[in-house]
Amino acid sequence: MACDADVFNHGVAVITGAASGIGAGLARRAGALGMNVIATDINADGAAATAAAIVAVGGKAEAEQVDVAIPDELDRLAERVFDRHGAVRLLINNAGIETVGNTWEVPAARWEATLNINLHGVIHGVRAFVPHMIGSGKEAWIGNLSSVGAFGQMPGQTAYTVTKHAVQAFSECLYLEMELKALPIHVSAIVPGMVRTAIFDAEAGFGEPESATGHRRAMFDMMRAHGMDIDQASAMFLEQMAQNRFWVHSDPAMAAQIIGARVKFLQDQLPPIMPDLALAIAVD
Ligand SMILES: NC(=O)c1ccc[n+]([C@@H]2O[C@H](COP(=O)([O-])OP(=O)(O)OC[C@H]3O[C@@H](n4cnc5c(N)ncnc54)[C@H](O)[C@@H]3O)[C@@H](O)[C@H]2O)c1
């Protein structure tokens, strides 16, 4: 069976949201395996720090400031990367934000940001890069960041949940389009469980309603206590992508439990079922 050291030991890797968390972890792992990493993020200093860390241990990397919420920026990135470095072997559409707060209280700007970054960022990453990938005629891998949240319901995280259900559906259709056209582009839905990143940090919640504070803090504490190490999760993701798996997990047991509950919910056409997590972190 193929392993990441065989598949991802050369070629160009483009990763969005690579200043922090899973994106930074995937960038470090791809760099350590021997790929030329283009670490992109809206946070230019953070992306530069990720690239510098890869170079410091003998790898190849550079940083680009890219806001995935702006489709043109992804088009320009794809053109620059293919012009300067040739074919992209690995594209990870990773950039994402959590949004907490009752559905009706989340301000319009935060709704827009969540949809633009988490969903449109993935859509336009694919739209911008795939034509170049097809043009190169080379084998390529695309990983889109879904979530265990793509299969359930989570009150207080509606905006985030909506985007992850959509990214999952988008990735499933994209996979089938590649198959239908017999294109050598492998598509994976990366479904992290809980990985210890900055996604629930207080400052990441700008623009959320005041009522989100307790929920965000409880999720932050839970992630610190139970989240998986970023580098461990990132290594698992690239290993499974190298095996051309559509489903890519850090916590397959957690995903199976949530997906199983979803199957029952759909088969029996039950009303939405309150997740234990929602009760555990209910603060007001
Ligand atoms: N951490 C988890 O447990 C978990 C679970 C399921 C899914 N995910 C998904 O993993 C992905 C990465 O999240 P993370 O947990 O590493 O979070 P994180 O907050 O540590 O990292 C997210 C990165 O995205 C960047 N970003 C935000 N807006 C951007 C924009 N407009 N353009 C470009 N970059 C932008 C941030 O600057 C940051 O570097 C997200 O899509 C998230 O939904 C994470």
Side-chain angles (χ1 to χ4, degrees), residues 14-29 38-51 63-74 76-77 92-100 109-110 112-125 128 143-152 154 157 159-168 170-171 188-207 216 219-220 222-234 236-237 248-251 254-255 258 277:
V14 176
I15 301 173
T16 68
S20 163
I22 292 169
L26 286 165
R28 286 192 294 271
R29 181 70 186 154
I38 317 298
T40 78
D41 204 287
I42 195 169
N43 171 357
D45 291 345
T50 298
E64 292 258 7
Q65 184 174 29
V66 176
D67 180 350
V68 300
I70 302 175
D72 280 358
E73 292 205 7
L74 288 161
R76 286 198 294 271
L77 173 71
I92 307 276
N93 291 303
N94 162 79
I97 59 170
E98 251 291 1
T99 287
V100 179
R110 184 76 190 194
E112 288 297 311
T114 313
L115 293 165
N116 286 336
I117 297 167
N118 293 12
L119 176 56
H120 299 160
V122 176
I123 293 170
H124 294 296
N144 296 329
L145 264 290
S146 179
S147 169
V148 287
F151 309 102
M154 185 61 184
Q157 292 180 29
Y160 180 81
T161 305
V162 164
T163 63
K164 293 301 171 178
H165 278 245
V167 167
Q168 180 66 29
F170 174 81
S171 305
S188 299
I190 302 179
V191 183
M194 193 175 276
V195 182
R196 205 164 50 246
T197 70
I199 201 163
F200 282 110
D201 286 9
E203 55 275 20
F206 62 89
R216 179 169 278 277
M219 289 300 299
F220 174 90
M222 192 167 294
M223 192 165 264
R224 285 289 165 276
H226 304 293
M228 181 182 268
D229 172 71
I230 291 166
D231 289 318
Q232 188 188 350
S234 301
M236 290 176 73
F237 296 149
V248 167
H249 295 288
S250 62
D251 189 341
M254 183 192 204
I258 292 172
L277 179 62

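These numbers come from the heavy atoms of this one structure, side chains and all, not from hydrogens, waters or symmetry mates. Counting convention: from 1, in listed order, for ligands and their atoms alike.
When hydrogens are left out, the protein atom nearest atom 15 (O) of ligand 1 is T197 OG1, 2.5 Å; that is the closest non-hydrogen contact. Looking only at protein heavy atoms, the nearest one to atom 16 (O) of ligand 1 is I22 N, 2.8 Å. What sits closest to atom 5 (C) of ligand 1 on the protein, heavy atoms only, is G193 O, 3.2 Å. For atom 43 (O) of ligand 1, the closest non-hydrogen atom on the protein side is Y160 OH, 2.7 Å. For atom 27 (C) of ligand 1, the closest non-hydrogen atom of the protein is I97 CG2, 3.9 Å. Atom 18 (P) of ligand 1 has as its closest protein heavy atom S20 OG, 3.6 Å. For atom 6 (C) of ligand 1, the closest non-hydrogen atom on the protein side is S147 OG, 3.4 Å. The protein heavy atom nearest to atom 29 (C) of ligand 1 is I42 CG2, 3.7 Å.
Per-residue contacts place G21 under 4.0 angstrom from the following atoms of ligand 1 (heavy atoms of the residue considered): 16 (O), 20 (O). The atoms of ligand 1 that sit less than 4.0 Å from any heavy atom of S146 are 7 (C). Near L145, meaning under 4.0 Å from any of its heavy atoms, are these atoms of ligand 1: 9 (C), 10 (O), 11 (C), 41 (O). Interface of G17 with ligand 1, defined as ligand atoms under 4.0 Å from a residue heavy atom, comprises 23 (C), 24 (O), 25 (C), 34 (N), 39 (O). Heavy-atom proximity to D67, at under 4.0 Å, picks out these atoms of ligand 1: 30 (C), 31 (N), 32 (N). Close approach of ligand 1 to P192 is summarised as follows: ligand atoms under 4.0 Å from at least one heavy atom of the residue are 5 (C), 6 (C), 7 (C), 8 (N). Atoms of ligand 1 lying under 4.0 Å from at least one heavy atom of M194, given by number and element, are 3 (O). With ligand atoms numbered from 1 in the order given, ligand 1 contributes 1 (N), 2 (C), 3 (O) to contacts under 4.0 Å with heavy atoms of M223.
With rounding to the nearest 0.5 Å, the separation of CG in L77 from CD1 in I38 is 8.0 Å. Here the OG-CG distance, from S20 to N94, works out to 9.0 Å after rounding to the nearest 0.5 Å. From D41, atom CG reaches atom OG1 of T16 across 8.0 Å, with rounding to the nearest 0.5 Å.
Residue contacts with ligand 1: K164 is included, with a non-hydrogen atom under 4.0 Å away. Residue contact annotation: A113 has no non-hydrogen atom under 4.0 Å from ligand 1.
When side chains are defined from C-beta on, R196 counts as touching D229, because their heavy atoms get closer than 4.5 Å. With contacts defined as side-chain heavy-atom distances shorter than 4.5 Å, the pair F237/I92 does not qualify. When side chains are defined from C-beta on, V66 counts as touching L74, because their heavy atoms get closer than 4.5 Å. By the 4.5 Å heavy-atom criterion applied to side chains, F206 and R110 are counted as neighbours. When side chains are defined from C-beta on, M219 does not count as touching I199, because their heavy atoms never get closer than 4.5 Å. By the 4.5 Å heavy-atom criterion applied to side chains, V68 and H120 are not counted as neighbours.
With a 4.0 Å cut-off on non-hydrogen atoms, R196 does not touch ligand 1 at all. When heavy-atom distances to ligand 1 are checked against a 4.0 Å cut-off, V66 comes that close only through its backbone atoms N, CA, C and O. Here I117 has side-chain heavy atoms under 4.0 Å from ligand 1, and that is the only part of it that gets that close.
If you run side chain to side chain contact (heavy atoms under 4.5 Å, CB included) between M154 and each of V100, T161, V148, only T161 comes through. Under the side chain to side chain donor-acceptor pair (under 3.5 Å) test applied with T163, the options T99, N118, N116 reduce to a single match, N118.
Relative to atom 40 (C) of ligand 1, the option among T50, V195, N94 with the closest non-hydrogen atom is N94. Nearest to atom 37 (O) of ligand 1 by heavy atom, out of I199, V148, D41, N43, is D41.
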Determine, step by step, whether R28 and D231 satisfy the side chain to side chain contact (heavy atoms under 4.5 Å, CB included) criterion, reporting the C-alpha distance in whole Å, the side-chain angles of both residues, the deciding distance to 0.1 Å, and the verdict.
-> CA-CA 8 Å; R28 286 192 294 271; D231 289 318; 3.0 Å; yes
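Polar contact check, V68 against ligand 1: a nitrogen or oxygen pair lies under 3.5 Å apart. Polar contact check, G23 against ligand 1: no nitrogen or oxygen pair lies under 3.5 Å apart.
Smallest separation of non-hydrogen atoms from D201 and R216: O-NH1, 3.0 Å.
A cation-pi arrangement, defined by a distance under 6.0 Å to the six-membered ring centre and an angle within 45 degrees of its axis, is present between R224 and F220.
Looking only at atom types and distance, the side chain of R29 has no donor-acceptor partner in the side chain of S234 under 3.5 Å away.
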